[in-house]
Amino acid sequence: MTSWQQVPLPWKAGGLLLGLVFFAAVLLVKPIGVSTQFVIFDGILWDAVDASVVVPSEEAKSGFTSPNAYLDKSGGKYAKSVANPLNYGFVFVIAMMAGALMSALLRGGVPKSERAMPQVWRANFGDSVWRRYAATFIAGFLVLFGARLAGGCTSGHMMSGMMQTSLSGYMFAAGAFLAGIPLAVYLFSKEG
Amino acid sequence: MTTVLLAILLGAAFGFALDRVGATNPGYIIRMLNLTDLHLMKTILTGIGVASILLFGGLLLGLVDPGHLSVKTAYYGVFLGGLLLGVGFAVAGYCPGTGLTAMATGRIDAVFFVLGGLVGAGAYMLAYGGIAGTDLFTKIAGGDATLAPVAGTDYPSILGAMSGEWLGLAIGVALIVVAWVLPARLGDGRTMSAPAE
């Protein structure tokens with residue numbers, strides 16, 4: 001018998017939990033997605049230093065427009081979210097972080113030795129924290145640039161996309177694993 | 001206001017679930033991608049399978065509003081973006097959702113991942129105007145295509161003669177079967193079934 005407190009959950013229980021959440025999101029609102037909110041947060045920061053980045057417009061479908069082509073895309077839909085941060089997608093992501101924190105606290109938090117890097121990184125690249133931080137910074141750049149080019153990430157394209165039998169979800173998953181698996185096999189030859 | 005309340009409930013449930021399945025731990029993601037420990041892969045496949053069965057079962061029974069589906073557009077950049085994301089995913093062991101949730105659980109490397117992500121998303125915002133008209137965005141199979149047609153939606157599809165709902169159910173079952181038969185690990189050594197934290 002395994003306890004619900006075990007982390008990670010056994011794959012059957014974990015898969016069921018994850019599946020229920022993804023289904024509940026579609027049933028009640030719309031499919032889960034995360035990476036758009038990096039753009040919205042950037043937009044909020046940018047708009048705070050330069051108020052001309054997002055402006056109300058009666059001609060735009062969303063009611064807002066931006067001189068930035070990406071924020072202005074699809075009738076200014078991102079511009080509108082930047083202007084109203086209390087929207088579904090942005091609040092969802094804030095709540096997501098709160099939910100993860102709650103779970104982590106209930107299991108006693110992340111061990112100190114794990115906070116700078118996972119064991120498998122240490123085994124292959126040593127203890128230097130700045131090497132790890134620099135690598136994750138660059139990786140974060142690639143992941144979000146890639147996710148925005150693709151129009152979604154692991155949540156929006158892979159999980160939400162494949163559960164809806166979206167062609168784009170399969171294309172995205174193929175790309176992510178075709179690059180991710182060989183690279184991880186090459187980089188992390190020691191298991192840790 | 002209801003939507004904001006739902007955002008809080010669903011978001012919190014999602015974040016909680018990501019942490020519980022081990023996805024906020026980059027070690028588990030890296031060991032999935034280097035094929036030494038497929039526990040998380042089995043979890044993810046089961047998750048997509050369960051969600052798919054509930055969704056298409058619900059659509060067949062009329063319990064799910066087809067208007068809630070949201071199929072993203074297929075274009076060449078989806079694959080290229082997937083490749084770029086895959087590179088960062090392997091190096092860091094984080095994707096956008098798990099990076100943010102890992103940061104929330106107190107992982108410091110995840111803070112750097114999120115900062116890099118904000119810069120990367122910003123770079124894309126600036127680059128978009130220059131690449132918007134290129135072939136990267138040429139639609140494939142009519143754009144927001146599903147594999148087979150789903151009643152109550154007007155998404156184009158590749159397999160026109162099939163029922164999208166039944167195909168979705170079948171794929172859902174198939175993904176769970178794959179999760180079932182996939183070994184927990186391909187190499188030798190420790191697995192996640194041992195207490196890893």
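Every chain is numbered from 1, with letters handed out A, B, ... down the list of sequences.
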* Asked: Are A:Arg115 and B:Asp109 ion-paired here, with the side-chain N under 4.0 Å from a carboxylate O?
  -> no
* Would you please test B:Phe113 and A:Phe137 for ring-ring contact (aromatic ring centres under 6.0 Å, His included) and show each step? => CA-CA 5 Å; B:Phe113 176 85; A:Phe137 183 88; 9.8 Å; no
* **B:Leu5 versus chain A, the contacting section by heavy-atom distance below 4.5 Å** => neither
* **Under 4.5 Å from a heavy atom of chain A, the part of B:Leu6 involved** => both
* Structure fact -> Per-residue tally against chain A (heavy atom, under 4.5 Å) across B:Val50, B:Leu54, B:Thr105, B:Thr101 peaks at B:Leu54
* Structure fact -> Residues A:Val34 and B:Phe14: closest non-hydrogen pair is CG2-CE2, 4.2 Å
* Asked: Where does B:Ala23 contact chain A at under 4.5 Å (heavy atoms): side chain, backbone, both or neither?
  -> neither
* Give me the ring orientation class for B:Phe112 and A:Tyr133: parallel if the planes are under 30° apart, tilted from 30 to 60°, perpendicular past 60°. => parallel
* Shortest non-hydrogen separation from B:Leu33 to A:Gly180 and the atoms involved -> CB-O, 4.1 Å
* To do: Counting only heavy atoms closer than 4.5 Å, note whether B:Val114 contacts chain A via side chain, backbone, both or neither.
  => both
* Asked: Which region of B:Ser157, side chain (C-beta onward) or backbone (N, CA, C, O), has a non-hydrogen atom less than 4.5 Å from a non-hydrogen atom of chain A, or is it both or neither?
  -> neither
* Between B:Tyr155 and chain A, which part of the residue has a heavy atom less than 4.5 Å away: side chain, backbone, both or neither? -> neither
* chain A heavy atoms under 4.5 Å from B:Ile158: which part of the residue, side chain, backbone, both or neither? -> side chain
